[in-house]
Amino acid sequence: MENLLLPIFALLNLAVVATHGAALPPQLYWKSLLPTTPIPNAITRILRPDWVEEKGTAVNVGKGGVNVHAGKGGGTNVNVGGKGGGVSVNAGHKKKPVHVSVGPKSPFDYVYAATATQLHDATKVALFFLEKDLHYGTKLDAHFTTSSNQATFLPRQVADSIPFSSDKVDDVFTKFSIKPGSEEAHIIENTLSECEETGIKGEGKYCATSLESMVEFSTFQLGKNVKVLSTEIDKETGLQKYTGAPGGKKISGDPAVVCHNQNYPYAVFYCHKTESTRTYSVPLVGANGIRVKAVAVCHTDTSQWNPKHLAFQVLNVKPGTVPICHFLPQDHVVWVQK
């Protein structure tokens with residue numbers, strides 16, 4: 001089925017030059033707070049490398065979109081909607097893989113019931129599976145995709161200056177020259193709505209609009225002695241059978257903060273903390289020899305999830321009965337304590 005989330009490539013000229021007294025560039029900010037924690041590729045690829053240069057960053061918010069540069073000309077196209085990175089999985093041979101679209105409601109927000117689109121969409125984004133299927137030698141039919149989401153983090157001072165609420169959605173449309181009622185407008189409205197919804201009982205949730213705000217939320221929840229992990233994919237692979245390779249291990253138990261990349265004109269992550277999570281490193285080898293360093297997150301208490309959530313319909317289980325897992329799409333991250 002064709003993805004109805006239409007991409008928008010927004011162009012925004014930048015004209016405000018950072019001074020020596022400005023905040024640290026994102027990479028240096030990360031290093032100052034988390035000196036022993038490497039930045040995962042899922043984050044590195046959406047940071048502009050010129051932010052670490054001493055010349056500073058130029059930023060201006062105006063009509064037509066987003067463009068970030070540091071005095072070198074050119075700019076960055078950002079994508080609202082479109083196909084993000086993901087993974088679809090089928091354990092065993094009895095059922096066909098079920099592919100999940102990230103929109104209009106994210107399958108990683110557990111207050112929502114599954115939509116017909118999520119149950120039938122073939123965009124190959126995510127599939128939930130049981131923890132018992134996660135072991136050495138297990139066979140999984142999977143399709144890992146690389147991310148095509150081009151949205152990058154804005155400098156914090158810029159992100160904080162842009163309205164981010166449903167009450168001011170018209171200002172957001174104006175800022176990015178988006179026509180109300182368009183598919184792009186619906187994408188923005190859905191992201192804002194999800195960010196403003198109350199989370200499930202026992203979870204803290206937050207939508208981070210900058211790298212700095214993601215770091216602050218996650219370290220407030222877990223402390224600074226953390227690992228930050230993402231699935232590593234060398235290149236996109238077609239649907240094929242994968243085998244659990246040696247070296248798989250449990251990385252951490254409770255608690256964890258999982259951050260899911262959202263569809264928005266610039267990088268926004270929906271982060272939620274759970275006290276009932278197990279995180280695994282899962283090396284996989286494809287039938288064609290391709291290797292994937294996957295990260296799997298298993299939720300051990302699903303009793304507060306919507307009974308009609310996608311996971312229960314796909315797996316034919318009831319809330320709170322068995323741990324439910326999913327591989328992290330390439331552009332999502334999980335924070336765990338060391």
Side-chain angles (χ1 to χ4, degrees), residues 1-3 40-42 45 82-102 106-108 114 117-149 229-252 258 260-261 277-300 302 309-317 321-334:
M1 178 179 179
E2 182 180 358
N3 191 345
N41 287 339
R45 68 172 58 94
K83 297 179 180 178
V87 53
S88 62
V89 179
N90 180 37
H93 305 279
K94 295 182 180 180
K95 295 182 180 180
K96 294 180 179 179
V98 178
H99 309 301
V100 182
S101 172
V102 169
S106 171
F108 303 116
T117 299
Q118 288 176 336
L119 287 170
H120 298 99
D121 203 341
T123 52
K124 303 177 177 64
V125 175
L127 177 68
F128 295 89
F129 55 95
L130 298 178
E131 189 177 31
K132 68 180 182 64
D133 295 319
L134 198 60
H135 56 80
Y136 167 63
T138 192
K139 304 289 185 180
L140 299 171
D141 290 331
H143 183 188
F144 289 91
T145 60
T146 56
S147 175
S148 61
N149 187 344
L229 308 165
S230 62
T231 291
E232 301 295 335
I233 305 169
D234 290 334
K235 64 179 181 179
E236 184 169 343
T237 65
L239 180 62
Q240 63 178 298
K241 188 174 296 298
Y242 284 84
T243 302
K249 62 181 179 180
K250 178 181 174 182
I251 299 172
S252 178
V258 186
H260 306 286
N261 201 349
T277 302
R278 287 192 283 264
T279 304
Y280 294 88
S281 171
V282 187
L284 299 170
V285 180
N288 65 356
I290 291 293
R291 294 182 177 270
V292 175
K293 296 179 181 178
V295 175
V297 176
C298 295
H299 301 271
T300 58
T302 60
H309 185 270
L310 178 71
F312 303 131
Q313 298 195 48
V314 168
L315 300 172
N316 195 29
V317 296
T321 56
V322 292
I324 291 177
C325 310
H326 61 84
F327 287 124
L328 281 187
Q330 184 195 24
D331 53 357
H332 299 201
V333 297
V334 59

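In this text the structure is predicted, and so the values were computed from the model without any measurement. Here, residue 1 is the first one in the sequence, and each next residue gets the next number.
- When all heavy atoms of Phe129 and Phe327 are compared, the pair lying nearest together is CE2-N, 3.7 Å.
- Closest approach of Leu284 to Gly244, counting heavy atoms only: CD2-CA, 3.9 Å.
- Judged by distance alone, the side chains of Thr243 and Lys139 do bring a donor and an acceptor atom under 3.5 Å apart.
- The distance from the CG atom of Leu130 to the CG atom of Leu315 is 5.0 Å, given to the nearest 0.5 Å.
- Side chain of Thr231 to main chain of Val295: a donor-acceptor pair is present (N/O by atom type, distance under 3.5 Å, no hydrogens or angles).
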**OP:** Could you give me the CA-CA distance, side-chain angles and deciding distance for Thr279 and Val258, then say whether side-chain contact (heavy atoms from CB on, under 4.5 Å) is met?
**Re:** CA-CA 10 Å; Thr279 304; Val258 186; over 6 Å; no

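- Rounding to the nearest 0.5 Å places CG of Asn41 at 10.5 Å from CD1 of Ile233.
- Contact check for Ser230 versus Gln330: no side-chain heavy atoms found under the 4.5 Å cut-off.
- Residues Leu140 and Lys241 have side chains not in contact (no heavy-atom distance under 4.5 Å, counting atoms from C-beta outward).
- A 4.5 Å side-chain heavy-atom check between Val297 and His299 finds at least one atom pair inside the cut-off.
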Original post:
His332 and Val334: side-chain contact (heavy atoms from CB on, under 4.5 Å), yes or no, with the steps?
Top reply: CA-CA 7 Å; His332 299 201; Val334 59; over 6 Å; no

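- No side-chain heavy atom of Thr277 sits under 4.5 Å from any side-chain heavy atom of Cys298.
- In this structure, SG in Cys325 is found 8.0 Å from CZ in Arg278, a value given to the nearest 0.5 Å.
- For the pair Glu131/Asp133, no side-chain contact is recorded, criterion being any heavy-atom separation below 4.5 Å from C-beta on.
- Residues satisfying the ring-ring contact (aromatic ring centres under 6.0 Å, His included) criterion with Phe312, sequence neighbours excluded, are Trp305.
- Using a 4.5 Å heavy-atom threshold, the side chains of Leu229 and Val333 count as separate.
- Between Tyr280 and Leu134 the shortest side-chain heavy-atom distance falls below 4.5 Å.
- Here Thr321 pairs with Val317, Lys318 under the side-chain contact (heavy atoms from CB on, under 4.5 Å) rule; sequence neighbours left out.
- Every pair passing side chain to side chain donor-acceptor pair (under 3.5 Å) that includes a residue from residues 283-298 is listed here, sequence neighbours excluded: Gln240-Asn288.
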